[in-house]
J.: 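First, the structure itself, so that you have it in front of you.
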Amino acid sequence: MPELPEVETIVRGLEQRLAGRRFRQVTLNRADLRTPLPTGLKAKLEGKRIERVSRRAKYILIHCAGDAVLLAHLGMSGRIVISEANEKRLRQKHDHVVFTFDDGAVLAFNDARRFGMIDYVAAAQLPNHKLLRHLGLEPLGHEFNGANLAKRLAGKNCSIKAALLDQRVIAGLGNIYASEALYWANISPRRRAGTVLGARADALAAAIRKTLERAIAAGGSSLRDYVQASGELGYFQHHWAVYGKEGEKCPRCDCHRGIKRIVQNARSTFYCAKYQR
DNA sequence: ACGAGAACCTGTTTGC
DNA sequence: TGCAAACAGGTTCTCG
């Protein structure tokens with residue numbers, strides 16, 4: 001489901017609503033998601049106070065008192081939904097882990113496909129965590145620019161689209177925003193990644209940043225599964241230029257060819273063949 | 001070592 | 001209408 005803008009929106013919602021609360025009860029409805037749930041998670045979390053919530057790439061980091069971090073990834077279909085004490089939520093299918101807080105609020109981790117994961121680690125070992133260690137540039141970070149992006153792309157023979165999905169190059173883009181960013185940068189998704197440098201890399205870095213920022217401002221894109229932590233829908237899907245728009249008119253040109261759909265590395269890519277080179 | 005494809009799951013949409 | 005195939009926002013493993 002979620003790419004960087006959706007995760008960022010969820011993180012902001014969680015920060016606002018969870019900071020300062022204390023886990024009262026943790027219910028594990030199964031033993032594993034994509035990976036086994038951490039052993040002793042229930043005992044370790046109950047009674048712990050949440051200090052803040054942050055994000056790295058598409059990972060949600062819930063920082064607890066005592067320098068421990070609950071790390072969560074939503075995979076393709078994961079959702080996190082909070083219900084306050086006065087708005088009871090019945091247990092839904094695929095509610096795999098349910099957290100109850102000291103004030104009666106409930107947070108459900110729901111994930112039909114179970115591509116998501118949850119881990120619990122000491123804060124000190126976070127930088128070396130297996131899942132975070134190899135992540136690439138944070139596209140909203142200060143050090144993200146065309147030159148640094150080009151450095152990561154140098155020598156790569158795969159398509160630029162495939163490279164943008166490689167989290168070791170840049171961390172947080174997914175299938176929707178990769179197509180959208182390439183469109184706004186006028187770069188063909190089929191172009192070899194290693195040939196994106198100089199002004200072209202500058203344009204791509206700028207398009208990535210702008211696309212993600214606009215999407216965050218809209219609360220992310222709601223398709224099948226995604227909702228904000230509050231349960232509200234995002235609305236950036238109404239602003240997509242190319243994603244899911246095969247055959248439709250490109251928003252910036254009047255060519256009759258329309259938006260094309262191709263398959264790269266088994267994922268759909270959408271682009272305008274006239275403007276993207 | 002790299003890139004492409006399969007695999008992991010369930011649910012929904014599409015096409016015959 | 002019914003059933004099967006295709007497809008879905010991600011990541012990781014295997015194979016050539």
Side-chain angles (χ1 to χ4, degrees), chain A residues 1-11 29-37 55-60 71-80 92-96 109-119 129-136 139 152-182 189-195 208 211-212 215-216 218-228 233-247 261-270:
Chain A
M1 160 200 52
E3 303 181 32
L4 188 151
E6 291 74 38
V7 176
E8 177 64 26
T9 301
I10 289 168
V11 161
N29 291 324
R30 55 177 301 131
D32 59 349
L33 298 169
R34 195 178 81 214
T35 54
L37 289 165
R55 176 188 64 74
R56 169 71 172 119
K58 300 171 194 169
Y59 290 91
I60 298 167
L71 186 147
H73 194 289
L74 297 172
M76 289 276 252
S77 56
R79 313 186 217 187
I80 279 180
Q92 313 249 316
K93 197 173 180 184
H94 307 302
D95 275 356
H96 303 310
F109 185 102
N110 182 293
D111 184 6
R113 295 175 75 178
R114 300 202 306 278
F115 289 169
M117 58 80 54
I118 289 177
D119 201 3
H129 192 282
K130 190 182 160 204
L131 298 168
L132 307 184
R133 198 171 29 188
H134 297 115
L135 290 172
R152 299 277 186 147
L153 296 173
K156 289 188 80 70
N157 285 308
C158 64
S159 66
I160 183 63
K161 162 70 175 346
L164 292 184
L165 293 184
D166 183 344
Q167 304 296 298
R168 294 168 304 183
V169 172
I170 174 170
L173 284 183
N175 207 38
I176 293 177
Y177 298 106
S179 277
E180 292 293 310
L182 286 168
R190 320 170 89 123
R191 172 176 279 278
R192 278 202 307 127
T195 68
I208 288 169
T211 301
L212 295 177
I216 291 168
S221 300
S222 284
L223 207 31
R224 310 167 169 70
D225 303 304
Y226 169 71
V227 286
Q228 302 185 23
L233 297 175
Y235 56 90
F236 193 70
Q237 66 277 13
H238 303 304
H239 300 284
W240 291 343
V242 291
Y243 185 83
K245 295 190 179 292
E246 181 179 15
R261 172 184 180 268
I262 57 172
V263 176
Q264 299 177 285
N265 300 67
R267 319 288 310 270
S268 292
T269 303
F270 299 87

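Only a predicted model underlies this, so the values are computations on that prediction, with no experimental measurement involved. What you see below is based on every heavy atom in this structure, not just the backbone, and it leaves out hydrogens, waters and symmetry mates. Convention: sequence-line order gives letters A, B, ...; per-chain numbering from 1.
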J.: Rounding to an integer number of Å, can you tell me how far A:L164 CG sits from C:dG10 C1'?
T.: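 The answer, rounded to whole Å, is 15 Å.
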J.: Say you pick atom P in B:dC9 and the same atom in C:dC3; how far apart are they, in whole Å?
T.: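 Comparing P positions in B:dC9 and C:dC3 gives a spacing of 26 Å.
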J.: Among B:dA4, C:dA8, C:dG10, which nucleotide has an atom closest to any side-chain atom of A:R113?
T.: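 Shortest atom-to-atom distance from the side chain points to C:dA8.
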J.: Quick one: does A:R114 reach the base of B:dC9 with a side-chain donor-acceptor pair under 3.5 Å?
T.: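 Checked by distance alone, the answer is no.
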J.: Mind checking if A:K93 touches a base, just sugar-phosphate, or nothing, with heavy atoms under 4.0 Å?
T.: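 Sugar-phosphate only.
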J.: If you take all heavy atoms of A:P2 and A:V7, which pair is closest and at what distance?
T.: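 Shortest heavy-atom contact: CB-CG2, 3.9 Å.
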J.: Contact class for A:L165 vs. all strands (heavy atom < 4.0 Å): base, sugar-phosphate, or nothing?
T.: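 Here A:L165 touches no strand at all.
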J.: Taking the P atom of each, how far is C:dT1 from B:dG11, in whole Å?
T.: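 That atom pair is separated by 23 Å.
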J.: Starting from P on C:dT11, measure out to NE2 on A:H129 and report it in whole angstrom.
T.: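 Checked: the NE2 to P distance equals 14 Å.
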J.: Could you tell me if A:N110 and A:K93 have a donor-acceptor pair between their side chains, going purely by distance under 3.5 Å?
T.: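 Short answer, no.
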J.: Using purine N1 to pyrimidine N3 plus N6-O4 or O6-N4 for Watson-Crick, or N1-O2 and O6-N3 for G-U wobble, both under 3.5 Å, which nucleotide pairs with B:dC9?
T.: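 When the pairing criteria are applied, nothing turns out to pair with B:dC9, so the answer is none.
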J.: Tell me whether the ring of A:F115 lies stacked over the B:dC8 base, given a 5.5 Å limit on centroids and a 30° limit on the plane angle.
T.: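 Here the ring of A:F115 and the base of B:dC8 are stacked, with centres under 5.5 Å and planes under 30°.
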J.: Just checking A:R190: does its CZ atom have more than 12 heavy atoms from other residues, nucleotides or ligands closer to it than 6.0 angstrom?
T.: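 Incorrect, the count does not exceed 12.
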J.: List the steps and the verdict of side-chain hydrogen bond (donor to acceptor under 3.5 Å, both in side chains) for A:E180 and A:T211.
T.: CA-CA 7 Å; A:E180 292 293 310; A:T211 301; over 6 Å; no
J.: A:R261 has a side chain; which of C:dC7, C:dT11, B:dT10 sits nearest to it?
T.: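 That would be C:dC7.
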J.: Between A:K156 and B:dC2, is there a contact of a side-chain N or O with OP1 or OP2 at under 4.0 Å?
T.: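 So the side-chain polar atoms of A:K156 never come under 4.0 Å of the phosphate oxygens OP1 or OP2 of B:dC2.
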J.: Under 4.0 Å from OP1 or OP2 of C:dT12: is there any side-chain N or O of A:K130 that close?
T.: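 Looking at the OP1 and OP2 atoms of C:dT12, neither is under 4.0 Å from any side-chain N or O of A:K130.
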J.: Between P on C:dA6 and CD on A:E246, what's the gap in Å once rounded to a whole number?
T.: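 Atom-to-atom, A:E246 to C:dA6, this comes out as 16 Å.
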J.: When the distance from CZ of A:R168 to C1' of C:dG10 is rounded to whole Å, what number comes out?
T.: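 So the CZ-C1' distance, A:R168 to C:dG10, works out to 14 Å.
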J.: Which atoms form the tightest heavy-atom contact between A:S159 and A:P189, and what is the distance?
T.: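 Minimum heavy-atom contact is CB-O, 3.3 Å.
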J.: Rounded to whole angstroms, how far apart are CG on A:D119 and P on C:dT11?
T.: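 Atom-to-atom, A:D119 to C:dT11, this comes out as 16 Å.
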J.: State whether A:S77 places a side-chain N or O below 4.0 Å from either non-bridging phosphate oxygen (OP1 or OP2) of B:dC9.
T.: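 False: A:S77 side-chain N/O out of range (4.0 Å or more) of B:dC9 OP1/OP2.
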J.: What nucleic acid atoms does A:N157 come within less than 4.0 Å of, heavy atoms only: base, sugar-phosphate, or nothing?
T.: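 Since only primed, P, OP1 and OP2 atoms lie under 4.0 Å of A:N157, the category is sugar-phosphate.
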J.: Round to the nearest Å and state the distance from A:I60 atom CD1 to C:dG10 atom C1'.
T.: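 So the CD1-C1' distance, A:I60 to C:dG10, works out to 14 Å.
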J.: Please confirm whether the shortest side-chain N or O distance from A:H94 to OP1 or OP2 of B:dG11 is below 4.0 Å.
T.: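 True: A:H94 side-chain N/O within range (under 4.0 Å) of B:dG11 OP1/OP2.
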J.: Mind running side chain to side chain contact (heavy atoms under 4.5 Å, CB included) on A:L212 and A:L173 for me, showing each step along the way?
T.: CA-CA 9 Å; A:L212 295 177; A:L173 284 183; 3.9 Å; yes
J.: Looking at A:Q167, I'd like to know whether one of its side-chain N or O atoms comes within less than 4.0 Å of OP1 or OP2 on C:dT11.
T.: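 Yes, within the criterion.
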J.: Between C1' on C:dT12 and CZ on A:R267, what's the gap in Å once rounded to a whole number?
T.: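 Taking CZ of A:R267 and C1' of C:dT12, I get 13 Å after rounding.
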J.: Tell me the interatomic distance from A:N265, atom CG, to C:dT12, atom P, rounded to whole angstroms.
T.: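 From A:N265 CG to C:dT12 P: 16 Å.
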